[in-house]
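Notes follow the structure.
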Amino acid sequence: MTHKNLKLLNPSQREAVTCKDVPLLIVAGAGSGKTRVLTHRIAYLVESGVKPYNILALTFTNKAAGEMRSRVVSLVPGISYTSFWLGTFHGICLRILKAESKLLGSFKNFIIYDGTDQIALIKECVKNLNLDEKKYKAGIVCEKISRAKDDCIDPEEYLDMADNFYQQIVAKIYKKYQERLREIGALDFGDLITYAISLFKKHPDVLEKYRNKFQHVLVDEYQDTNHAQYIFLKLLTAGKKNITVVGDPDQSIFGWRGANISNIMNFEKDFPNVKTIKLEENYRSTQAILSSANNIIKNNRERKEKALWTKNTQGDMPIYCNNEDDIEEAESVAGQIEEFLSQGGTHKDIAVFYRIHSLSRVIEDALRRRNIPYVIVGGVRFYDRKEVKDILAYLRVISNPNDVISLKRIINLPARGIGDVSLKKIEDYLDSRDISLFDALSELNNINISIKTKEKISAFVSFIRKHQCFDGSLAKMLKKLIKDLDYFNYLKRQDLPGTEERIENVKELISAIAEYEENSEFPSLAEFLEQVALISDIDNWDNKSNAVTLMTLHSAKGLEFPVCFIIGMEEDILPHKKLSTGESDIEEERRLCYVGMTRAQERLYCSSAKRRRIYGRWQDMETSRFVGEMGVELLAHCEISG
DNA sequence: GGGCCCTCGTCCTTA
DNA sequence: ACGAGGGCCC
């Protein structure tokens, strides 16, 4: 019941939940019950008569969406699990694009290209335009194109804005890249948002439909939205009073990915008659932890002033430990974890955060030596593992033979005698014709390659066609594919380190597709591939498993743990090196540190090393400026001996 | 065309 | 330290 639910909220939270008919900005400090407010607000809306299907809620990760969904369902008895639109920006935009796909011309089955695919395709474009690959590095160009998309800049606009030769060339690559994506029928992450925007702009009737549908739009983590997402929201809500955004400028940590902190800073100017509510009571951390976190963040200039406080107990002072080297640091962390466990603590209560993935290795070694179970979030994502990507590439080609990037990945894997030379000949032939690579593989008459090779290519084409025709469950199809490829023996023949693990990963992929099939109403290979592309590192993390969690500070956003470690508190690591040039970047690094500290409920350990192995070489490190900013009087130092 | 060896850049964070 | 990619030989 509404009344009962509202009683569990503090006055500001209650106001944020019940406030009506104004654009609403909720500035929610770390641990102030942001998710609680959002879920209660959705529940409150439904209970006051809003139909669930008239609600759109946007989150940052699938995990956050899933948690929010189940919390709303438990708050509103009888609400259907799927009746309201709740998901990530990318997921929701894909859903809209699929619903309106008849307006999108060539797109039928969507393929979503991830970072690796993007770089491979850009590399192809650079080659195709006869540009110097050393000068126009695919990774860097990809970065530029992705940022342009985040800012809603298309290739023509990019060219107009280019003020040097390099940028003009990037504009040319960008244009080519978009053409190629379209031919393939693929979208990259940025396209999901920008295509939804141009769909709305080109078809006002469609926009109107969604504007009417979404009577209430709620956005989580608003501080991390980019310009394109802002435009998307503006289109859906302009002139209406139905938008609620929740965020904390102090936790804006995705500037490098195109997030625009001014979205939240300027929200009050952007939307007329905004109501702003600050949530400043922290329910998560002890006073000692909160004080040192506040001490750090107050050094930032670009922020919305707020005073985070707590009724929680004072608690233990955060501990800072400076170690001789990274190995000693890892030993010290593992030792303190062991100590905590021996006092009756549980593994899942502990997290270790770091600025960069590479710091996890020494910690892993130390934990393994002590037989302390741990899980790593991210690093090499499951779906980024070579063996998993290989099999996924097969599935993608089976689903859409126009996917050249995947096709080229697998055409000679396992080796079947179709090498670079033949492929080059076919591609040259393609240049003058308007057909896809896969089509060309099916009709080789006019291409000058040996009969033997042609036979091998035909065999490959029939192999793909055969699996396209498979009827039966997806899991069965995948099992047959792996068997027909003799993929496990291929892995064994390769004899690379970790063969057993690779085989396990492929088996895991079979489980994943089987699980998808069980949970989906109308399972299809194309939809499975879409879902896989939008899975994030954190989505796969099981917070109930009995293990210590290791993750980056970025992944830690939105989570909480009784005991937290932040390692590698050194200049050039936190704050990270390339970012130490400009003051505003330092501010983002400081926010990152703040995010890490405010994850801790009871105990916070920070540490650094005087020496660290980087690129296999020892390097002297200097303690991070952030340690000093925490306030010495708020910090317990621990001196380590052997 | 396949496989071996050497060189080079990289290890910043991600939907 | 280590994997990706180029050069070279079979």
Side-chain angles (χ1 to χ4, degrees), chain A residues 58-65 87-94 112-116 118-120 123 133-134 137-139 142-143 146-147 149-150 187-193 221 224-226 228-229 252-259 353-361 377-381 383-384 386 412-424 449-450 452-453 456 493-497 530-539 551-557 568 572-580 585 588-589 591-593 595-596 612-619:
Chain A
L58 295 154
T59 61
F60 203 69
T61 62
N62 295 302
K63 187 182 177 60
T88 62
F89 272 97
H90 294 95
I92 293 292
C93 285
L94 175 64
I112 293 159
Y113 267 14
D114 68 12
T116 324
Q118 290 179 50
I119 289 176
K123 211 174 254 178
E133 283 180 75
K134 295 248 155 53
K137 288 192 182 166
C142 179
E143 196 66 23
S146 301
R147 291 301 77 73
K149 289 185 180 182
D150 290 339
L187 301 169
D188 66 17
F189 291 126
D191 286 338
L192 288 167
I193 318 291
E221 308 277 15
D224 282 319
T225 51
N226 63 32
Q229 290 162 337
S252 166
I253 55 174
F254 285 98
W256 54 272
R257 207 180 74 180
F353 307 136
Y354 33 78
R355 177 63 176 83
I356 49 180
H357 283 300
S358 58
L359 300 194
S360 73
R361 239 192 72 187
V377 175
V380 183
R381 290 172 61 221
Y383 288 103
D384 282 342
K386 193 194 165 298
N412 204 28
L413 185 151
R416 49 170 76 85
I418 310 170
D420 293 342
V421 180
S422 313
L423 210 55
K424 180 84 178 56
I449 39 181
S450 70
K452 263 211 150 79
T453 309
K456 287 170 184 163
R493 260 182 284 125
Q494 295 257 301
D495 198 30
L496 295 164
E530 283 159 15
Q531 284 197 6
V532 161
L534 293 179
I535 286 173
S536 73
D537 289 336
I538 202 76
D539 294 339
M551 67 173 93
T552 62
L553 288 163
H554 283 90
S555 294
K557 194 174 76 159
D572 297 351
I573 290 191
L574 180 65
H576 193 262
K577 194 176 203 164
K578 281 168 198 162
L579 301 170
S580 350
D585 289 333
E588 183 155 313
E589 294 294 304
R591 291 193 289 267
L592 198 48
C593 184
V595 165
R612 183 177 294 285
R613 222 189 254 274
I614 297 175
Y615 298 135
R617 280 166 208 274
W618 285 106
Q619 210 161 302

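The model shown is predicted, which means the values in this text are computed figures rather than measured ones. Proteins get letters first, then strands, A, B, ... in listed order; numbering begins at 1 in each.
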### Task
Determine, for nucleotides 2-10 of chain C in 5'-to-3' order, which nucleotides have protein heavy atoms under 4.0 Å from the base (write B), from only the sugar-phosphate (write S), or from neither (write -).
S--S-----
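- Applying the side-chain contact (heavy atoms from CB on, under 4.5 Å) rule to A:Arg416 yields the partners A:Tyr394, A:Asn412, A:Pro414, A:Ile418, A:Phe460, A:Leu485; only residues at least two apart in sequence or on another chain are considered.
- With distances taken from any side-chain atom of A:Arg257 to the nucleotides B:dC11, B:dA15, B:dT13, the minimum falls on B:dA15.
- Sequence order on DNA chain B of the closest nucleotides to A:Lys137 and A:Phe254 puts A:Lys137 first from the 5' end.
- For the side-chain contact (heavy atoms from CB on, under 4.5 Å) test, residues two or more places apart in sequence or in another chain that qualify with A:Ser252 are A:Gln223, A:Asp224, A:Ile261, A:Arg591.
- A side-chain donor-acceptor contact under 3.5 Å links A:Asp539 to the backbone of A:Asn62.
- Look at NZ on A:Lys557: it is 12 Å from P on B:dT14, rounded to the nearest Å.
- Between the side chain of A:Gln229 and the backbone N or O of A:Phe89, no donor-acceptor pair lies under 3.5 Å.
- Straight-line distance from the NE2 atom of A:His576 to the P atom of B:dC12: 5 Å, rounded to whole Å.
- Between B:dC11 and A:His357, no contact under 4.0 Å exists linking OP1 or OP2 to a side-chain N or O.
- By the side-chain contact (heavy atoms from CB on, under 4.5 Å) test, A:Ala64 pairs with A:Thr59, A:Thr61, sequence neighbours left out.
- Rounded to whole angstrom, the span from the CZ atom of A:Arg617 across to the C1' atom of B:dG9 amounts to 13 Å.
- Atom CG in A:Asn62 sits roughly 9 Å away from atom C1' in B:dA15 (whole-Å rounding).
- With rounding to whole Å, A:Ile356 atom CD1 is found 7 Å from B:dT13 atom P.
- Phosphate proximity of B:dA15 to A:Asn226: absent, as no side-chain N or O sits under 4.0 Å from OP1 or OP2.
- Remark: A:Lys424 pairs with A:Asp428 by the salt bridge (Lys or Arg N to Asp or Glu O under 4.0 Å) rule, at least two apart or across chains.
- Here the side chain of A:Ser422 is nearest to one of B:dG2, B:dG1, B:dT14, namely B:dG1.
- The distance between atom CG of A:Asp420 and atom P of B:dG1, rounded to the nearest whole Å, is 8 Å.
- Between A:His90 and B:dA15 there is no side-chain N or O to OP1 or OP2 distance below 4.0 Å.
- Between B:dC11 and A:Ser358, no contact under 4.0 Å exists linking OP1 or OP2 to a side-chain N or O.
- Considering only residues two or more places apart in sequence or on other chains, A:Lys137 meets the salt bridge (Lys or Arg N to Asp or Glu O under 4.0 Å) condition with none of them.
- In this pair, A:His554 does not lay its aromatic ring on the base of B:dT13; centres under 5.5 Å and planes under 30 degrees do not both hold.
- Of the possible donor and acceptor atoms, none in the side chain of A:His357 sits under 3.5 Å from a partner among the backbone N and O of A:Thr552.
- Atom CG in A:Leu187 sits about 18 Å away from atom P in B:dA15, given to the nearest Å.
- Put simply, CD1 on A:Ile418 is 11 Å from C1' on B:dG1, counting in whole angstrom units.
- Between A:Asn412 and A:Asp539, the residue anchored closer to the 5' end of DNA chain B is A:Asn412, taking for each the nucleotide with the nearest heavy atom.
- A stacking contact links A:Trp256 to B:dT13: the aromatic ring centre lies within less than 5.5 Å of the base's six-membered ring centre, and the planes differ by less than 30°.
- For the OP1/OP2 pair of B:dT14 and a distance below 4.0 Å, the side-chain nitrogens and oxygens of A:Thr552 include at least one atom meeting the criterion.
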